[in-house]
Amino acid sequence: MPELPEVDTVVSDLNEIITGKRIRGLFSIGRKNIKFYDDVSSNLTIKQKIKSVERRGKYILIHLNNNSTIVVHLRMTGQLLYLLQNIGTSQLKHIRAVLNFSDDSKLVFNDTRNFGEISFFQDKKSLTSYLSKLGREPLEIKNDEFVSLFKNKKGNIKANLLRQDLICGIGNIYADESLFLSQIHPQTKCTNLSEGELLSLIRSIKKVLKNAIDLRGTSMRDYLDVNGNSGKYSTTLNVYGRTKIPCKTCGNEIQKIKVAGRGTHFCPNCQQK
DNA sequence: GACAATGTTACAGT
DNA sequence: CACTGTAACATTGT
């Protein structure tokens with residue numbers, strides 16, 4: 001699922017839909033689905049109002065009126081679905097947690113593979129410390145900062161793009177798509193990239209992410225927005241999931257290899273080492 | 001049955 | 001020490 005554009009779509013929808021709602025309770029199915037970093041109970045969320053919803057990297061931050069925050073990470077298959085009071089959940093086979101509101105609507109956390117995570121932070125200090133592991137936001141970093149951050153990194157460019165402690169929010173789909181736009185081979189060593197190539201890459205990253213946000217993300221298999229709708233970026237993809245399909249630019253077949261442990265798609269003609 | 005899947009982290013090996 | 005690859009988490013679909 002969910003990389004920056006998908007998480008951003010969920011967050012902006014949630015901000016419009018649940019801001020100001022009062023929480024009646026947070027229920028988790030199975031003990032391990034909610035982690036409490038501050039050794040406090042989720043009872044602290046009861047009767048609180050939603051202050052705002054924010055994104056940091058691939059994390060969804062649901063800020064409450066008492067300064068505490070519920071943090072959700074969807075990992076591979078998580079979905080946050082907003083349901084009105086009269087909507088049942090029998091269709092959803094992997095509900096892990098439910099946030100109930102006082103108007104009887106609810107936010108359901110459905111996650112097939114159960115990799116997703118809900119964490120609870122009592123105050124901004126502990127939240128900030130938890131999020132401090134994250135690197136820069138790709139849509140906010142200055143182009144020259146990106147260049148200096150990446151130009152001397154060890155290893156290949158794709159592995160480094162996936163590192164959330166350098167730049168956060170890029171996942172497998174948008175790494176492949178950004179590298180294609182800049183005609184950079186995913187296995188190119190960072191040290192072999194010119195400043196011009198890195199400059200081109202950060203421009204591609206911003207372009208790809210913004211375009212994907214405009215189209216409300218990519219749905220490969222599991223991703224749905226809070227209203228249960230698919231993202232529409234899927235048809236815009238140039239390389240991801242297009243193995244053996246002709247390149248939209250040159251007609252050569254898109255290749256799939258393994259880089260940094262992940263399936264990696266590229267055009268062997270447009271992207272040469 | 002084997003394998004891969006949008007993510008992240010821990011650990012073994014080189 | 002640094003980097004790379006694999007396993008692990010759990011489930012589904014091809």
Length of the line joining [X]:[atom1] and [N]:[atom2], which is rounded to integer Å:
X: A:E3; N: B:dG7; atom1: CD; atom2: C1'; result: 9 Å
X: A:R163; N: C:dG5; atom1: CZ; atom2: P; result: 15 Å
X: A:L4; N: B:dT8; atom1: CG; atom2: P; result: 11 Å
X: A:H94; N: B:dA5; atom1: NE2; atom2: P; result: 20 Å
X: A:D165; N: B:dG7; atom1: CG; atom2: C1'; result: 14 Å
X: A:Y130; N: B:dT9; atom1: OH; atom2: C1'; result: 11 Å
X: A:M220; N: C:dT14; atom1: CE; atom2: P; result: 12 Å
X: A:I173; N: B:dG7; atom1: CD1; atom2: C1'; result: 12 Å

Between [X] and [Y], does at least one N-O distance fall below 4.0 Å, as a salt bridge requires?
X: A:K125; Y: A:D123; result: no
X: A:R113; Y: A:D222; result: no
X: A:D176; Y: A:R262; result: no
X: A:E6; Y: A:R216; result: no

Upstream residue (5' side of DNA chain C) when A:K153 and A:R221 are each assigned their closest nucleotide: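 By nearest-heavy-atom nucleotide position, the 5'-most residue is A:K153.
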Between A:R113 and A:K189, which residue's closest nucleotide on DNA chain C lies nearer the 5′ terminus?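 Looking at DNA chain C, the more 5' nearest nucleotide goes with A:K189.
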Taking the same atom, P, in C:dA7 and in B:dA2, what whole-Å distance lies between them?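 Per the computed distance, 14 Å lies between those P atoms.
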Chi angles and distances behind the side-chain hydrogen bond (donor to acceptor under 3.5 Å, both in side chains) call for A:Q79, A:N110: CA-CA 5 Å; A:Q79 304 166 335; A:N110 190 58; 3.1 Å; yes
State the pairing partner of C:dA10; accept Watson-Crick or G-U wobble contacts with both distances under 3.5 Å, and report none otherwise.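 Matched C:dA10 with nothing under the 3.5 Å cut-off.
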Using modelled atom types and a 3.5 Å cut-off, is there a donor and acceptor pairing between side-chain atoms of A:T19 and backbone atoms of A:N15?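 Between the backbone of A:N15 and the side chain of A:T19 there is a qualifying donor-acceptor contact (under 3.5 Å).
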Is the aromatic ring of A:F115 within stacking range of C:dC9, meaning centres under 5.5 angstrom and planes under 30 degrees?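 It does: the two rings, one from A:F115 and one from C:dC9, meet the stacking criterion.
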Might you list the N or O atoms of the protein lying below 3.5 Å from N or O atoms in nucleotides 11-14 of chain B, with each pair's distance?
none

Name the nucleic acid region contacted by [X], choosing base, sugar-phosphate or nothing; use a 4.0 angstrom heavy-atom cut-off, strictly under.
X: A:K256; result: sugar-phosphate
X: A:K133; result: sugar-phosphate
X: A:G217; result: nothing

Side chains of A:Y240 and A:M220: closer than 4.5 Å at any heavy-atom pair?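 Sidechains of A:M220 and A:Y240: in contact.
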Side-chain N or O of A:Q164 closer than 4.0 Å to phosphate OP1/OP2 of B:dT8: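 It does, given that an N or O in the side chain of A:Q164 lies less than 4.0 Å from OP1 or OP2 of B:dT8.
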Output yes when at least one side-chain N/O atom of A:H73 is less than 4.0 Å from OP1 or OP2 of B:dG7, else no.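 Checking B:dG7 against A:H73, no side-chain N or O comes under 4.0 Å of OP1 or OP2.
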Among the nucleotides B:dA5, C:dT4, C:dT11, which one has an atom lying closest to any side-chain atom of A:R96?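 Closest nucleotide among those given: C:dT11.
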Side chain of A:K58, heavy atoms from C-beta onward: which of C:dT12, B:dT8, C:dA10 has the nearest atom to it?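 Selected nucleotide: B:dT8.
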Given A:F180, which partner from the list A:V208, A:L237, A:V239 fulfils the side chain to side chain contact (heavy atoms under 4.5 Å, CB included) test?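 The residue from A:V208, A:L237, A:V239 that satisfies side chain to side chain contact (heavy atoms under 4.5 Å, CB included) with A:F180 turns out to be A:V239.
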